[in-house]
Amino acid sequence: MALMKTKFNLKRRVKLAQGLWLMNWCCVLAGIALFSMGVFLKIELRKRSEVMDNDESHFVPNSLILMGSLACALNAFAGKICYDSLDPTKFARWKPMLKPYLIICLIFNIFIFFTGVVCFLTRGSLESTLAHGLKNGMRYYKDTDIPGRCFLKKTIDLLQIEFKCCGNNGFRDWFELQWVSNRYLDFSSKEVKDRIQSNVDGKYLIDGVPFSCCNPSSPRPCIQLQVTNNSAHYSYDHQTEELNLWSKGCKEALLNYYTSMMSSMGGMVFLVWIMEMAVMIGLRFLHTCLETIANPEDPECESEGWILEKSLKDTIKSSWELVKSMGKLNKVETAGGEEAGVATVS
């Protein structure tokens, strides 16, 4: 028994074709929206590529761009089919293409669903990418005279100002690395010598942070150097007083920014997926109801449309049998090829 078998007269067929034509062009607009979101996300990721460890994060924008392009092409083509379906002579040329087209649509919808899921599950990979990228970016912050790294200081400073963050996980991350270049250190100074000699790796480590970590909303002048030294500042206790530095780490700030953006995009992708599924089901009804017209010369006659020719259970069973038979055929061909090879050698 066919799945969702429905009777169609001329009026219902016309309404179905017109409704699908309109939906297809709505899906074209949705495809343009997906493409635009993919381009926007790609630009946003590229703007901060210096603090991202790899290119895996570009899978989502690349998928959105591809899905948007395919949605525009496939739905424009389907719109043309729906428009021509009202004329039997014009529809005849599209008839052989409909079944392969519906298979392509099914694959396309599976990929859209997968892309939507990835939009919501990308937080884990993005977190590790940002953690490693920010760590490397902070390590090379001081290398303003080295080609390939000379813009990292500007990138990190602008990032901390824009996202109101400091360090990777927090401002104390700056205490663990040398962020002041040797070019600006006075090696004749006893303080500089003592700090370098007290460090195993010979680095100049201080309890200070770059100026971009300062919170301009604080009423007190920014304390960015000797942050943990209470005696260096009047009426100051770093353990009890709320510091005038950004408390949030840049990894968390960027992660929240990108995941909220991708979650919104994931919601849009699922909305497009629902629209595309509705169009695919509608096209299948249109395809079957036009194929089953008893008398093509009488447009007023009734016809039947369905989604699957058999029940869901029978369709899955027959598909599985087809896959098994193809597997057996492949084994037979392989065995035949081996026997032919042996005969040639003999």
Side-chain angles (χ1 to χ4, degrees), residues 47-54 126-146 148-258:
K47 273 172 26 180
R48 298 169 188 96
S49 58
E50 291 172 321
V51 293
M52 302 189 88
D53 190 46
N54 55 46
L126 196 60
E127 186 173 6
S128 61
T129 295
L130 285 169
H132 288 97
L134 283 166
K135 189 176 180 181
N136 290 332
M138 289 170 64
R139 188 188 305 160
Y140 303 133
Y141 179 88
K142 67 182 184 301
D143 299 338
T144 51
D145 55 343
I146 297 176
R149 299 178 188 170
C150 53
F151 293 108
L152 268 172
K153 179 185 180 298
K154 181 182 176 182
T155 301
I156 296 287
D157 282 333
L158 289 175
L159 179 72
Q160 293 189 146
I161 292 168
E162 182 183 352
F163 287 92
K164 300 179 180 179
C165 59
C166 185
N168 192 343
N169 297 303
F171 67 89
R172 289 182 180 275
D173 292 338
W174 289 107
F175 300 174
E176 299 170 7
L177 52 88
Q178 181 179 338
W179 55 271
V180 180
S181 174
N182 287 341
R183 292 169 63 194
Y184 307 110
L185 294 177
D186 180 8
F187 285 95
S188 62
S189 167
K190 185 178 182 301
E191 183 194 347
V192 172
K193 283 180 181 177
D194 289 345
R195 283 190 178 276
I196 292 172
Q197 287 171 3
S198 64
N199 183 261
V200 178
D201 299 320
K203 292 180 179 178
Y204 180 72
L205 303 184
I206 55 173
D207 58 341
V209 296
F211 77 96
S212 52
C213 282
C214 294
N215 182 353
S217 301
S218 173
R220 180 172 188 152
C222 184
I223 298 173
Q224 66 177 105
L225 299 175
Q226 295 185 314
V227 175
T228 57
N229 187 356
N230 294 336
S231 60
H233 312 284
Y234 176 73
S235 184
Y236 173 75
D237 184 351
H238 77 278
Q239 291 183 331
T240 59
E241 186 175 340
E242 186 178 345
L243 300 177
N244 53 3
L245 305 175
W246 301 120
S247 57
K248 186 188 289 185
C250 289
K251 183 183 76 174
E252 183 188 348
L254 281 171
L255 195 60
N256 291 339
Y257 174 71
Y258 283 123

When you look at Leu159 and Glu50, which way does the side chain to side chain contact (heavy atoms under 4.5 Å, CB included) test go after all the steps? CA-CA 11 Å; Leu159 179 72; Glu50 291 172 321; over 6 Å; no
To the nearest 0.5 Å, what is the distance between [atom1] ([X]) and [atom2] ([Y])?
X	Y	atom1	atom2	value
Leu205	Leu177	CG	CG	7.5 Å
Lys153	Met138	NZ	CE	13.5 Å
Leu134	Glu252	CG	CD	12.0 Å
Lys142	Thr144	NZ	OG1	10.0 Å

Please identify each residue that fulfils side chain to side chain contact (heavy atoms under 4.5 Å, CB included) with Ile196, with sequence neighbours left out. Phe187, Val192, Tyr204
Among Arg195, Lys203, Gln197, find the one that has a side chain to side chain contact (heavy atoms under 4.5 Å, CB included) with Asn199. Lys203
Asp143 side chain to Arg149 backbone, donor-acceptor under 3.5 Å: no
Does Gln224 use its side chain to pair, donor to acceptor, with the backbone of Val209 at less than 3.5 Å? yes
Does a salt bridge link Glu176 with Arg172, judged by any charged N lying under 4.0 Å from a carboxylate O? no
Sidechain N-carboxylate O distance under 4.0 Å for Glu162, Arg48: yes
Could you report the tightest heavy-atom contact between [X] and [Y], atom names first, then the distance?
X	Y	answer
Arg220	Asn244	O-ND2, 3.4 Å
Val227	Phe171	CG1-CE1, 4.2 Å
Ser212	Ile161	CB-CG1, 3.8 Å
Trp179	Tyr141	O-CD2, 3.4 Å
Gly167	Gln160	N-OE1, 3.0 Å

Worked check of side chain to side chain contact (heavy atoms under 4.5 Å, CB included) between Leu126 and Met52: CA-CA 9 Å; Leu126 196 60; Met52 302 189 88; 3.6 Å; yes
Residues in disulfide (SG to SG under 2.5 Å) with Cys150, at least two apart? none
What do you reckon, is NZ of Lys47 surrounded by more than 12 foreign heavy atoms closer than 6.0 Å? yes
In this structure, which one of Asn169, Asp173, Asn256, Asn168 forms a side-chain hydrogen bond (donor to acceptor under 3.5 Å, both in side chains) with Lys251? Asn169
Tell me, which pairs form a disulfide (SG to SG under 2.5 Å) where one or both residues lie in residues 161-208, sequence neighbours left out? Cys165-Cys250, Cys166-Cys213
